[in-house]
Amino acid sequence: MATAEIPEGWPATEREARAAQDALRTRVVRDEAGPPPGTVRVAGVDVAYDDERDVVAAAAVVLDAATLEVVEEATAVGRVAFPYVPGLLAFRELPAVLAALDALARPPGLIVCDGYGLAHPRRFGLASHLGVLTGLPAIGVAKNPFTFAHAAPAAPRGSASALLDGGEEVGRALRTRDAVKPVFVSVGHRVDLDNACAHTLALTPAHRLPETTRKADALCRAALREALGPPGAQPSPRPSAR
DNA sequence: GCGACAG
DNA sequence: ATCTTGTCGC
């Protein structure tokens, strides 16, 4: 597994982080439809933490467009780069995620994030940020509506309703399983909302969450366990001068 | 000022 | 995110 370093100049305060978002948000591309489902290799990324020991593990799992079979995997471990602050999640997760993506032999054609893209207080969530930094098409599929409003979609899989911030549609509540709580899809970079939803449906043949995030979730947890070592292992063996 | 708040 | 046991269901 790769090692994730915190980049030079990475924001250390909330103020710096918000300024970085305001500077980078202008680079988001929203006028591309993006690759149609089934045409590109899709990567799922996710991160697991042990804040006590200051360890973070990220995983990138690439699936074949048509079969959803895993074609490549990579992980990266490092130190936690930022505390969890709603609206600033990207600063906590991205260094490790970028290291895992860099460890792949070839870049994917689409990245699916566990979280939001456009649906964000400053319209620059995790998926937008990762898309801009990598230049790759990216979407966000979140498990919760965050602070946004939405009407319940109809019961059948495929039904959707607008995810709203005031009167602005920032994403969609999309039902991926009949009568099961919807997921919350938003655009990241170089993909439009209809296509982001189409990809999400293509990635959910059997479960509420996309296969990409399910696989990435399992892999980053395993990587974290491995990095922490067996329970009861000594922290950092101190060299004793005697 | 208070509460809510992706992961 | 993470802490946590069993349990109901496909």
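Within every chain, numbering begins at 1; the chains are lettered A, B, ... in the order of the sequence lines, protein sequences first and strands thereafter.
- Protein atom NE2 of A:His207 is 19 Å distant from nucleotide atom P of C:dG9, rounded to whole Å.
- One can place CG of A:Asp51 at 12 Å from P of C:dA1, the figure rounded to the nearest angstrom.
- Within 6.0 Å of CZ in A:Arg122 there are more than 12 heavy atoms belonging to other residues, nucleotides or ligands.
- Along DNA chain B, read 5' to 3', the first and last nucleotides having any atom under 4.0 Å from a heavy atom of chain A are B:dC5 to B:dG7.
- Note on A:Leu88: a base of the nucleic acid sits closer than 4.0 angstrom, heavy atoms only.
- Atom CG in A:Leu126 sits about 13 Å away from atom C1' in C:dA1, given to the nearest Å.
- The nearest pair of heavy atoms linking A:Ala90 to A:Pro95 is O-CD, 4.3 Å.
- Note on A:Gly140: nothing from the nucleic acid sits closer than 4.0 angstrom, heavy atoms only.
- Within the 4.5 Å cutoff, side-chain heavy atoms of A:Phe91 are placed close to those of A:His129.
- In this structure, the separation between CG on A:Asp217 and CG on A:Leu219 is 9.5 Å, given to the nearest 0.5 Å.
- When rounded to the nearest whole Å, the span between CG of A:Leu228 and P of C:dA1 equals 16 Å.
- When all heavy atoms of A:Met1 and A:Glu226 are compared, the pair lying nearest together is CE-OE2, 3.5 Å.
- No option in A:Thr212, A:Ile139, A:Leu101 other than A:Leu101 meets the side-chain contact (heavy atoms from CB on, under 4.5 Å) test with A:Ile111.
- Heavy atoms from other residues, nucleotides or ligands lying under 6.0 Å from CZ of A:Arg41 number more than 12.
- Residue contacts for A:Tyr84: at a heavy-atom cut-off of 4.0 Å it reaches a base atom on one of the strands shown.
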Dot-bracket assigned to DNA chain B with the 3.5 Å Watson-Crick/G-U criterion, [ ] for crossing and | for other-strand pairs, is .......
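- Rounding to the nearest 0.5 angstrom, the gap separating the OG atom in A:Ser186 from the CG atom in A:Leu118 is 6.5 Å.
- A:Asp114 has its CG atom 11 Å from the P atom of C:dT2, to the nearest Å.
- A:Phe91 places its CZ atom 18 Å from the C1' atom of C:dA1, with the value rounded to the nearest Å.
- If you chain together hydrophobic residues whose side chains sit under 4.5 Å apart, A:Val183 and A:Phe148 never meet in one group.
- Separating the CG atom of A:Asn144 from the P atom of C:dT2 is a distance of 14 Å, rounded to the nearest angstrom.
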Dot-bracket line, read 5' to 3' along DNA chain C, where crossing pairs take [ ] and | marks a partner on another strand, Watson-Crick or G-U under 3.5 Å: ..........
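- Checked against a 6.0 Å centroid threshold, the rings of A:His150 and A:Phe184 count as neighbours.
- Under the 4.5 Å side-chain heavy-atom criterion for Ile, Leu, Val, Met, Phe, Trp and Tyr, A:Leu126 and A:Leu193 are members of distinct hydrophobic clusters.
- Residue A:Ala48 is classed as a sugar-phosphate contact, given heavy-atom separations below 4.0 Å to backbone atoms only.
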